[in-house]
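Have a look at the structure below before the remarks.
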Amino acid sequence: RAAAEAAPGSVSPQVVERCVAAAGYSVGEFAALVFAGALGFAEALYAVKVRAEAMQRASEAVPSGMLSVVGRREANYKFACLEARKHCESLGIENPVCTVSNYLFPDSRVIAGHLQALEFLQENARKYYFKRAKMLPVSGAFHTRLMEPAVEPLAEVLKSIEIQKPLLCVYSNVDGKKYMHAKHIQKLLVKQVVSPVLWEQTMHSVYERKQGTEFPFTYEVGPGNQLGAILKQCNLKAWKQYKHVDALEDEEAAET
């Protein structure tokens, strides 16, 4: 899934021509880079396949998962994760993992790691000022060091793929900043597998502008409008210029 930022006054098909920035959430970052001309579609699809298979193998090695958390203002996610890791150690788990893996919007995080750590956090949600703590239907602790076995396979594939400098600004999940050149893309796409997705920080980078400056139109392309919901929580003014585009629906409409 990718979100693209376009200049004000754009209408299809000029939206694509006038787009000034793009970003993709997790694997959606590949889509954003294809859109920006940095990666070829077929090569990116192959890299995504290798990435997915390697991450699945890593997931099968350790019982792990991801926990969606909405916290109160008092919530201290780092402290909660620390106590969850101590709990795992008390169970005899060596070098346990429990950390924030996705920064979504203020007071909303995804915590990933060993299943025992996530179960501990669910059971003690009130203690850590979590209003909601829900397990996500995923197979592993993505964007944590438990995905380290997937790093090398993806790195090898990306070395064999031709990567160009993007034709427009693409923001990285790893640091919320713009990709600078091909080597930068290659390095950070690999690092992203074991690094938290800084989506909230990315939204601040994308929409930072002087007071009084108009916000651009934003288009979320693909199934669902989760990124739009996150944008609304991060920047209400920017969200007012947001639109969801479901490519499959558009294709079906064109055929009929």
Side-chain angles (χ1 to χ4, degrees), residues 1-7 10 13-58 101-104 140 142-209 216-222 227 230-231 238 245 247:
R1 200 185 305 117
E5 177 188 11
S10 297
Q14 293 92 332
V15 164
V16 174
E17 296 167 7
R18 299 179 63 183
C19 188
V20 295
Y25 186 96
S26 190
V27 71
E29 199 162 284
F30 285 85
L33 288 163
V34 169
F35 175 76
L39 293 174
F41 176 74
E43 290 86 351
L45 205 57
Y46 178 62
V48 166
K49 177 179 181 289
V50 170
R51 177 184 184 272
E53 290 171 349
M55 290 172 76
Q56 181 59 33
R57 287 194 297 271
S101 63
N102 297 252
Y103 291 81
L104 302 178
F142 306 139
H143 303 290
T144 71
R145 61 177 170 81
L146 287 177
M147 291 295 111
E148 279 178 1
V151 165
E152 194 57 37
L154 179 59
E156 286 302 311
V157 170
L158 290 174
K159 284 177 188 174
S160 68
I161 290 175
E162 187 178 357
I163 303 175
Q164 307 282 350
K165 183 178 179 180
L167 299 173
L168 51 96
C169 295
V170 180
Y171 290 80
S172 167
N173 287 181
V174 172
D175 58 12
K177 297 176 182 177
K178 299 171 189 174
Y179 280 116
M180 303 307 293
H181 47 75
K183 284 286 184 187
H184 195 208
I185 293 170
Q186 183 182 321
K187 178 183 176 183
L188 291 192
L189 279 181
V190 173
K191 193 174 180 182
Q192 189 228 60
V193 172
V194 291
S195 302
V197 174
L198 305 186
W199 193 255
E200 180 185 344
Q201 296 87 332
T202 300
M203 291 297 92
H204 293 317
S205 295
V206 171
Y207 297 103
E208 186 178 14
R209 57 217 340 104
F217 286 92
T218 298
Y219 298 88
E220 178 176 1
V221 182
L227 299 185
I230 293 172
L231 177 59
V245 179

| Student check: side-chain heavy atoms of P216 and R209 closer than 4.5 Å | yes
| said: When you measure from the side chain of N173 to the backbone of S26, do you find a donor-acceptor pair of N or O atoms at a distance under 3.5 Å? | reply: yes
| request: Can you measure from CG (L154) to NZ (K191) and round to the nearest 0.5 angstrom? | output: 14.5 Å
| remark: Of all heavy-atom pairs linking A32 and G24, the shortest is CB-N, 3.7 Å
| task | Return the minimal non-hydrogen interatomic distance between Y103 and Q201, and the atom names on each side. | result | CB-OE1, 3.4 Å
| Can you list the residues that meet the ring pair (Phe, Tyr, Trp, His ring centres under 6.0 Å) rule with F142, with sequence neighbours excluded? | none
| field | Spacing of Y207 atom OH and L231 atom CG [to the nearest 0.5 Å] | value | 4.5 Å
| query | Out of L188, L189, T202, L33, which one pairs with S172 under the side chain to side chain contact (heavy atoms under 4.5 Å, CB included) rule? | reply | L188
| Residue pair F217, V15: steps toward the side-chain contact (heavy atoms from CB on, under 4.5 Å) verdict | CA-CA 9 Å; F217 286 92; V15 164; over 6 Å; no
| How many angstroms lie between CD in E200 and NE2 in H204, if you round to the nearest 0.5 Å? | 4.5 Å
| What is the minimum heavy-atom distance between A150 and V193, and which atoms define it? | CB-CG1, 4.1 Å
| task | Can you see which heavy atom on V34 is nearest to which on G40, and at what distance? | result | CG2-O, 4.1 Å
| message | As a quick check of understanding, evaluate side-chain contact (heavy atoms from CB on, under 4.5 Å) for Y171 and L198, giving each step before the final call. | response | CA-CA 10 Å; Y171 290 80; L198 305 186; over 6 Å; no
| request: Would you please test V221 and F35 for side-chain contact (heavy atoms from CB on, under 4.5 Å) and show each step? | output: CA-CA 11 Å; V221 182; F35 175 76; over 6 Å; no
| query | Between Y219 and C19, is a side-chain contact (heavy atoms from CB on, under 4.5 Å) present by the stated rule, with each step listed? | reply | CA-CA 10 Å; Y219 298 88; C19 188; over 6 Å; no
| query | In this structure, which one of V151, V174, V157, I185 forms a side chain to side chain contact (heavy atoms under 4.5 Å, CB included) with V190? | reply | V151
| Separation between CD of Q56 and CE of M147, rounded to the nearest 0.5 Å | 8.5 Å
| request: May I ask you to decide if V194's main-chain N or O and H143's side chain share a donor-acceptor pair within less than 3.5 Å? | output: no
| request: Among residues two or more places apart or on two chains, list those pairs meeting salt bridge (Lys or Arg N to Asp or Glu O under 4.0 Å) that have a residue in residues 147-176. | output: E156-K159
| request: Look only at the side chain of E220 and the backbone of L227, and say whether a donor-acceptor pair between them is shorter than 3.5 Å. | output: yes
| note | One should read off an interatomic distance between L158 CG and K187 NZ, to the nearest 0.5 angstrom, of 14.0 Å
| query | Taking all atoms of both residues into account, what is the closest heavy-atom pair of T144 and S101, and its distance? | reply | CG2-CB, 4.1 Å
| said: If you compare all heavy atoms of A36 against all heavy atoms of V170, which two are closest, and at what distance to 0.1 Å? | reply: CB-CG2, 3.4 Å
| At what distance, to the nearest 0.5 angstrom, does NE2 of H184 lie from NZ of K177? | 8.5 Å
